[in-house]
4 protein chains.
Amino acid sequence: MENLRDKKHAIFESTLDLIKQHGFHGAPMSLVAKNAGVAAGTVYHYFESKEQLICELYNYNRERLVMIINSCLQQTSSYKEKFFKIWTDLYKFYVKEPNVLIFFEQFINSPFNVDQYKSDAGGMLHDFFAEGIKKGVIKSVKLEILLVLFMGSIHSTAKLQVFAKIPVTNSDLNRIVEILWDGVTATKKPLRTRI
Amino acid sequence: MENLRDKKHAIFESTLDLIKQHGFHGAPMSLVAKNAGVAAGTVYHYFESKEQLICELYNYNRERLVMIINSCLQQTSSYKEKFFKIWTDLYKFYVKEPNVLIFFEQFINSPFNVDQYKSDAGGMLHDFFAEGIKKGVIKSVKLEILLVLFMGSIHSTAKLQVFAKIPVTNSDLNRIVEILWDGVTATKKPLRTRI
Amino acid sequence: MENLRDKKHAIFESTLDLIKQHGFHGAPMSLVAKNAGVAAGTVYHYFESKEQLICELYNYNRERLVMIINSCLQQTSSYKEKFFKIWTDLYKFYVKEPNVLIFFEQFINSPFNVDQYKSDAGGMLHDFFAEGIKKGVIKSVKLEILLVLFMGSIHSTAKLQVFAKIPVTNSDLNRIVEILWDGVTATKKPLRTRI
Amino acid sequence: MENLRDKKHAIFESTLDLIKQHGFHGAPMSLVAKNAGVAAGTVYHYFESKEQLICELYNYNRERLVMIINSCLQQTSSYKEKFFKIWTDLYKFYVKEPNVLIFFEQFINSPFNVDQYKSDAGGMLHDFFAEGIKKGVIKSVKLEILLVLFMGSIHSTAKLQVFAKIPVTNSDLNRIVEILWDGVTATKKPLRTRI
DNA sequence: GATGAATGAGCTTTCATTCAT
DNA sequence: AATGAATGAAAGCTCATTCAT
């Protein structure tokens with residue numbers, strides 16, 4: 001049992017690793033296997049096909065995101081604090097595990113992704129934003145739009161940090177989330193003269 | 001000369017088409033050629049390799065973005081109006097040519113993309129935001145961050161419209177750009193009580 | 001001991017079943033095992049290799065044919081009656097157990113069949129025909145030829161019934177054996193005018 | 001054009017050869033290609049898949065049989081003479097090209113054979129036997145039965161000659177066809193006493 | 001320039017067999 | 001005796017690229 005988890009996990013890690021290093025094309029099953037320390041055939045004990053391996057890998061990591069969001073939502077803090085914490089924790093996750101970030105980016109735009117655009121992390125963020133709108137904290141915008149702006153900004157920023165090697169400091173992060181927060185909340189700002 | 005342009009263009013269109021329909025994997029050179037109405041070998045008269053074809057295709061379309069931005073910048077209008085127009089025009093371009101949108105998404109996370117993360121449309125947006133910050137209109141944030149937030153939101157929204165088939169109305173669009181604008185500009189909002 | 005027979009038998013039946021359903025290619029050892037309700041490794045306790053399994057299965061079923069023929073030969077009836085009974089009983093056996101029919105057909109033309117063309121059911125039919133010739137009942141033809149004509153017509157007819165779903169009635173059967181009988185016996189027929 | 005026929009033909013011959021030597025299992029596409037003097041990929045220019053290669057090969061050779069039968073039928077000779085000539089010419093064909101004989105045997109009992117039991121050579125033999133029955137020359141038996149008996153005896157005899165290395169002389173052949181002819185024609189023989 | 005048949009390395013997947021438990 | 005996870009050679013097939021015409 002322990003072993004099974006281990007092997008599956010090793011295959012998951014191997015796949016993420018190869019995709020990170022050489023892109024989707026650079027992860028042939030033979031390499032996935034070798035990298036995981038198993039034989040080619042062994043992968044097919046755990047996954048019916050490459051497609052299933054990729055899809056399970058996606059679901060597994062989506063689950064990890066869900067858990068992060070869940071843990072944020074269960075804290076006793078203000079709506080705004082939750083908003084900031086979710087954004088920041090997801091960002092930190094991606095930066096800590098760039099493999100996952102790259103994999104997600106690749107997966108979403110791939111023939112493996114059948115459900116084009118269920119890319120949000122479960123329905124929880126959906127509910128979170130719906131609550132915000134009901135409370136009058138968040139602008140009344142289509143939930144899907146809020147979702148993609150929120151997630152998109154996390155991905156974008158993490159990619160900046162991870163790939164472009166542009167260091168994103170904590171204060172940068174705060175600024176970014178503030179931009180987002182200000183954007184989705186600010187409704188009545190003092191009029192400004194024409195710029 | 002005319003012929004050359006025609007054939008090259010046909011190959012470009014064929015490639016975009018196939019990538020849109022079947023993803024990056026679904027665009028083998030043989031199909032690209034057939035779809036373009038030329039022989040397989042002919043493609044190699046115009047492009048040294050598949051990699052070069054893809055890269056030229058990317059640069060060609062990046063140029064189209066640059067021209068859109070350029071045309072916006074040359075108008076005599078306020079900074080804010082330019083901000084809105086650039087966002088909206090780029091958005092419209094992607095919605096009108098979803099092939100290009102998909103191709104960009106695929107390209108950025110592909111082994112073809114050597115310059116990981118020069119995804120901005122030339123340096124013009126860079127300058128545009130620098131100008132905004134200098135003027136005091138835009139929050140003082142790293143330019144790269146502003147860029148990815150700006151471009152990311154366009155991509156995200158266009159994908160929503162094109163793939164998820166969630167209709168994005170003009171009023172939705174305005175809201176989204178307002179969110180962005182409010183986010184990157186708002187500096188002194190009336191204090192709000194704890195939410 | 002009982003157990004051993006049971007397991008072996010289960011494996012035999014499983015193999016026949018799979019070959020019937022999906023042809024020789026559709027009977028991998030893993031499926032043979034699963035279908036027989038045992039583990040993959042277990043099959044290798046009873047049979048050294050797939051080749052041996054197949055060969056033993058062949059011999060086992062050849063033995064069943066031999067028993068049928070034997071039982072026919074031991075009856076006290078005329079030569080002709082025996083001829084008809086052997087043909088009919090073998091035919092009935094194949095129709096009742098199409099698995100075996102298909103298996104035989106596949107086996108004979110397979111790399112497993114080392115002794116290309118010992119396809120007769122033991123030497124008994126050989127002797128039966130030799131006796132018929134000595135008695136002057138059967139035309140003097142090479143024994144091997146009589147054998148393949150006899151067995152071939154049984155196979156052909158059974159395949160017709162089982163696969164082609166062309167119903168073969170009892171009267172059809174009689175006609176067929178009569179054709180064979182008339183063929184191998186008739187020596188002096190009334191002259192017929194040119195047809 | 002010439003070339004195309006040549007390559008296709010070479011692949012056909014290579015396939016027949018390998019199947020003859022090592023059975024259906026011993027004809028992997030890689031060997032088929034090498035044996036035909038072409039690259040692995042080349043085979044797939046001429047045939048969409050292994051299945052199609054096999055099926056085309058079958059149809060090609062079935063056509064050869066049809067031509068042999070046709071040429072026999074067009075001769076001005078008695079029904080009986082045609083009956084004998086068809087049998088003998090088909091037999092000679094198989095003996096001359098044992099590759100084809102083996103291939104047919106393998107094909108008929110294989111997952112490639114979708115039309116289980118259209119194994120007769122076109123409808124011509126069908127018509128030939130129907131004519132015989134109408135004329136009153138042939139016993140009134142289901143046409144399918146006549147067909148399988150006729151073709152089956154040819155296959156059986158050819159296999160005997162080719163594989164079992166039992167020499168079948170011309171006089172043997174005559175005897176065999178006579179057996180068949182006597183069987184399917186003889187209707188009123190002088191009663192014989194109990195044997 | 002243009003063609004498309006030919007190439008062959010490399011891909012995903014299968015399966016007879018082994019062996020630690 | 002029995003298990004079934006693990007193996008890895010080999011299968012069918014794809015595709016970027018070349019080259020004689």
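Order of the sequence lines fixes the chain letters, A, B, ..., with proteins taken first and strands second; residue numbering starts at 1 for each chain.
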#### Entry: Base-contact (B) and sugar-phosphate-only (S) positions in nucleotides 13-21 of chain E, heavy-atom cut-off under 4.0 Å, - elsewhere
BBSSBB---
### Query
Would you say a side-chain N or O of A:Y46 is under 4.0 Å from OP1 or OP2 of F:dA5?
no
### Task
Please determine if a side-chain N or O atom of B:K34 lies less than 4.0 Å away from the OP1 or OP2 oxygen of E:dG4.
no
Which residues share a side-chain contact (heavy atoms from CB on, under 4.5 Å) with [X], sequence neighbours left out:
X: B:A158; value: B:Y91, B:Y94, B:V95, B:L101
X: C:P28; value: C:S30, C:L31
X: D:T42; value: D:V38, D:A39, D:Y46
X: A:E97; value: A:R64, A:F93, A:V100

### Message
What contact category does D:V43 fall into here, base, sugar-phosphate, or nothing, at under 4.0 angstrom with non-hydrogen atoms?
### Response
nothing
Can you tell me the distance, in whole Å, between the [atom1] atom of [X] and the [atom2] atom of [N]?
X: C:L31; N: F:dG4; atom1: CG; atom2: C1'; answer: 14 Å
X: A:K7; N: F:dG4; atom1: NZ; atom2: P; answer: 16 Å
X: D:I54; N: F:dG12; atom1: CD1; atom2: C1'; answer: 12 Å
X: A:I11; N: F:dA5; atom1: CD1; atom2: P; answer: 13 Å
X: A:K8; N: F:dA5; atom1: NZ; atom2: P; answer: 12 Å
X: B:F47; N: E:dG1; atom1: CZ; atom2: P; answer: 13 Å

### Query
Want to know the stems of DNA chain E: at least 3 consecutive Watson-Crick or G-U pairs with distances under 3.5 Å, which are they?
E:2-21 with F:2-21
### Task
Give me the ring orientation class for C:H9 and C:F12: parallel if the planes are under 30° apart, tilted from 30 to 60°, perpendicular past 60°.
perpendicular
Using side-chain hydrogen bond (donor to acceptor under 3.5 Å, both in side chains) as the criterion, list what pairs up with [X], not counting sequence neighbours.
X: B:Y44; value: none
X: B:Q106; value: none
X: C:Q21; value: C:D17

### Query
Between A:V38 and C:G37, who's closer to the 5' end of DNA chain F by nearest nucleotide?
C:G37
### CD on A:E56 to CG on A:L53, rounded to 0.5 Å
7.5 Å
